[in-house]
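Along the sequence shown, the residues carry numbers beginning at 1.
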Amino acid sequence: MTVMDDWVTAACAELDLDPTQVSVPAVLDLARDVAHQVLRPGAPVAAYLLGLAVGRGADPADAAARLSALAGNWPVELGAEPADPTRP
């Protein structure tokens with residue numbers, strides 16, 4: 001197990017959640033997309049919004065994909081930070 005696996009397992013136990021229902025890659029991809037294409041502080045907010053949507057019954061993969069697409073189409077004129085070519 002990785003530290004991330006350990007953290008997710010412990011956090012899920014604390015919140016009475018099933019860790020098998022947590023898609024860490026989807027959350028990290030969403031955070032990356034928002035951080036790089038909109039603004040960095042938007043990443044944790046987007047993850048929180050994803051959690052709210054899933055808590056209200058949204059499909060996790062669909063909701064993450066929709067938010068990632070929104071970030072990918074975010075117009076630069078609305079304040080998107082320029083991409084850092086040195087970061088993956």
Side-chain angles (χ1 to χ4, degrees):
M1 288 186 78
T2 67
V3 173
M4 179 65 78
D5 294 331
D6 292 342
W7 165 249
V8 169
T9 299
C12 284
E14 185 67 27
L15 298 174
D16 194 27
L17 298 171
D18 179 359
T20 66
Q21 300 299 309
V22 178
S23 175
V24 172
V27 174
L28 293 177
D29 287 348
L30 170 60
R32 178 203 61 222
D33 292 345
V34 173
H36 291 180
Q37 297 170 1
V38 182
L39 76 161
R40 292 194 190 291
V45 174
Y48 176 75
L49 294 173
L50 174 64
L52 286 177
V54 171
R56 292 183 178 166
D59 174 73
D62 178 61
R66 290 173 55 194
L67 288 174
S68 287
L70 179 64
N73 292 315
W74 195 253
V76 174
E77 62 270 11
L78 290 181
E81 294 177 352
D84 181 350
T86 64
R87 297 188 69 125

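- For Ala47, the side chain to side chain contact (heavy atoms under 4.5 Å, CB included) test picks out Val27, with sequence neighbours left out.
- Between the side chains of Thr2 and Asp5, at least one donor N or O sits under 3.5 Å from an acceptor N or O.
- With sequence neighbours left out, Asp29 forms a side-chain hydrogen bond (donor to acceptor under 3.5 Å, both in side chains) with Arg32.
- When all heavy atoms of Leu50 and Ala63 are compared, the pair lying nearest together is CD1-CB, 3.5 Å.
- The distance from the CH2 atom of Trp74 to the CG atom of Asp33 is 14.0 Å, given to the nearest 0.5 Å.
- Not counting sequence neighbours, the partners of Val45 by the side chain to side chain contact (heavy atoms under 4.5 Å, CB included) test are Leu49.
- For CE of Met4, the number of neighbouring non-hydrogen atoms (other residues, nucleotides, ligands) closer than 6.0 Å is 12 at most.
- Of all heavy-atom pairs spanning Ala64 and Leu30, the tightest one is O-CD1, 4.1 Å.
- Partners of Asp59 by side-chain hydrogen bond (donor to acceptor under 3.5 Å, both in side chains), not counting sequence neighbours: none found.
- When hydrophobic clusters are built by joining Ile, Leu, Val, Met, Phe, Trp and Tyr residues whose side-chain heavy atoms come closer than 4.5 Å, directly or via intermediates, Val22 is not grouped with Val54.
- Shown here are the side-chain hydrogen bond (donor to acceptor under 3.5 Å, both in side chains) partners of Asp16, two or more places apart in sequence or in another chain: there are none.
- Residue Leu17 shares its hydrophobic cluster (ILVMFWY side chains chained together at separations under 4.5 Å) with Leu15.
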